[in-house]
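Take a look at the structure below.
Note that the coordinates shown come from a computational prediction; the quantities given were computed from them, not determined experimentally.
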Protein chains: 2
Amino acid sequence: METRRRSYDEGCIAAHALDLIGDRWALLVARELMLGGRRFSELRAGLPGIAANVLTQRLEGMEAAGLVLREGRAYALTPAGFGLWPVLKALCLWGAAQPGHDPRLFISPTALMLSMRATCRREAAGMHRAGFVLAGERFTVETGPGAYRVARGGGGEPMLFEGGTNAMAAAVYGPRPLTETAEDSVGFTGDLAEGQAFLDLFSLRRG
Amino acid sequence: METRRRSYDEGCIAAHALDLIGDRWALLVARELMLGGRRFSELRAGLPGIAANVLTQRLEGMEAAGLVLREGRAYALTPAGFGLWPVLKALCLWGAAQPGHDPRLFISPTALMLSMRATCRREAAGMHRAGFVLAGERFTVETGPGAYRVARGGGGEPMLFEGGTNAMAAAVYGPRPLTETAEDSVGFTGDLAEGQAFLDLFSLRRG
DNA sequence: CGGCATCCGGGAAGATACTG
DNA sequence: CAGTATCTTCCCGGATGCCG
């Protein structure tokens with residue numbers, strides 16, 4: 001029950017930040033909550049390796065730190081918790097440049113949508129509205145010059161991407177052009193040229 | 001000897017980043033190396049809570065991950081390691097807004113100089129050159145419109161701040177105006193008005 | 001079934017002592 | 001000074017069980 005907090009005991013504000021969010025899994029829990037409230041089982045589904053008691057501890061600790069608000073059976077980020085987005089974004093951008101990454105491993109739908117928000121070249125973005133259905137979860141993405149918005153839910157977007165999360169990640173970040181035939185098990189509905197222009201905003205490929 | 005890496009086993013690039021740098025102490029080791037190579041005992045001095053064997057493990061792991069280069073008895077960051085600066089910066093900015101911070105705890109000289117680099121309002125910066133002597137360590141800071149540079153060493157700057165690191169942190173981030181008399185055990189040499197203008201670039205205070 | 005509490009084994013972190 | 005060796009503590013991960 002009583003979790004003794006282990007602190008770095010430093011006056012450094014980065015160390016203070018790590019005292020609050022540096023525990024194993026904590027930042028990934030924040031990641032899963034970054035697009036809206038989730039239930040315990042949904043969090044577990046997005047974090048396959050976490051043990052139930054560890055998730056309980058993290059949620060308790062993050063609630064005590066003022067990062068998570070519990071609303072009945074759902075957990076949501078507080079404004080302080082949403083403030084972690086720049087940290088996650090910096091980690092995404094740095095991690096994308098580090099070797100050893102295996103894109104075949106599990107990617108949660110939330111993680112993919114956030115990695116797209118992190119890596120989108122917004123200055124080059126035209127006006128787009130796209131729906132995503134990833135492992136049954138529905139998202140909406142809207143882009144514009146210098147703007148990017150993603151949210152759960154939606155419907156009626158002129159473009160729709162549908163498929164497994166890993167296949168979608170390959171389609172978004174991979175070098176292969178978009179095709180109508182769902183040959184990599186990603187379904188696309190909409191204007192093919194606009195879909196390709198949209199995907200080109202996220203190229204992690206060099207050049 | 002052989003440290004088995006514990007991975008999140010996710011395809012998420014943020015999780016991959018945390019696989020590389022998410023271990024306890026790892027980011028703080030990177031912090032201490034961020035302004036140049038350090039020796040084992042210097043790292044320990046900047047990380048008072050770390051055990052020697054844990055520091056050894058972190059340095060080995062970060063070397064294996066391509067983040068740290070060992071040059072004889074000194075350790076230095078590789079370009080990939082220096083690439084962690086945006087992550088540290090985001091943590092600094094977020095941590096500064098979180099309650100529970102105790103500025104009386106130990107602050108390493110490197111940590112203070114980096115927190116200044118993170119929080120400086122560069123767009124408001126005039127041309128300044130300032131020397132710092134913190135707990136015997138010498139630094140140089142140069143600012144200009146939109147620019148900020150900090151490095152170890154230096155000498156001959158028109159302004160010099162000298163004192164304990166915690167007292168310096170209070171002078172930089174605190175509400176008290178700069179005075180010639182070192183009443184908070186911070187010594188200042190140079191033009192008082194320019195010194196105050198320089199310090200005003202770092203106000204964490206609201207408003 | 002969702003949301004934990006509890007127990008257990010392994011391993012990482014922490015403190016101390018010691019050595020080249 | 002730069003670590004290594006050793007021991008202890010405690011966190012993490014996995015399994016099980018309780019309880020609304």
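Side-chain N/O atoms of B:Trp25 include one lying less than 4.0 angstrom from OP1 or OP2 on C:dG14. Proximity of A:Arg39 to the phosphate of C:dG2: no side-chain N or O atom is located under 4.0 Å from OP1 or OP2. In this model, the phosphate group of C:dG14 is approached by a side-chain N or O of A:Arg6 to a distance below 4.0 Å at OP1 or OP2.
Under the 3.5 Å distance criterion, with hydrogens and angles disregarded, no donor-acceptor pair is assigned to the side chains of A:Arg129 and A:Thr143. Side-chain N/O atoms of B:Arg152 and B:Thr140 include no donor and acceptor closer than 3.5 Å.
Checking C:dC4, D:dG3, C:dA13 against the side-chain heavy atoms of B:Arg58 singles out C:dA13 as nearest. With D:dC12, C:dA13, C:dG2 as the choices, the nucleotide that has an atom nearest any side-chain atom of B:Arg24 turns out to be C:dA13. Nearest nucleotide to the side chain of B:Thr56, out of C:dG14, D:dG3, C:dG2: D:dG3. The side chain of A:Phe40 lies closest to C:dC4, out of D:dA2, D:dG13, C:dC4. Checked against C:dC4, C:dG2, D:dA2, the side chain of A:Ala52 finds its nearest nucleotide in C:dC4.
Whole-Å rounding puts the A:Asp23 CG to D:dG13 C1' distance at 15 Å. Rounded to whole angstrom, the span from the CD atom of A:Gln57 across to the P atom of D:dC10 amounts to 14 Å. Between the CZ atom of A:Arg73 and the P atom of D:dC19 there is a distance of 17 Å, rounded to whole Å. Spacing between atom CD of B:Glu71 and atom P of D:dA2 amounts to 14 Å, rounded to whole angstrom units. The separation between A:Leu55 atom CG and D:dG13 atom P is 12 Å, rounded to whole Å. Between the P atom of C:dG3 and the OH atom of A:Tyr75 lies a distance of 6 Å, rounded to the nearest Å. In this structure, the CD1 atom of A:Ile50 is 10 Å from the C1' atom of D:dC12, given to the nearest Å. A:Leu59 places its CG atom 11 Å from the P atom of C:dA5, with the value rounded to the nearest Å.
A:Arg70 comes within contact range of the sugar-phosphate backbone alone, with a heavy-atom separation under 4.0 Å but no base atom that close.
The backbone N or O of A:Leu105 lies less than 3.5 Å from a partner atom in the side chain of A:Asn166, making a donor-acceptor pair.
You'll find a donor-acceptor pair under 3.5 Å spanning the side chain of A:Asn53 and the base of D:dG14, going by distance alone.
Comment: A:Glu137 engages A:Arg38 in a salt bridge, judged by a side-chain N to carboxylate O separation of less than 4.0 angstrom.
Aromatic ring orientation, B:Phe198 versus B:His128: perpendicular (interplanar angle above 60°, classes split at 30° and 60°).
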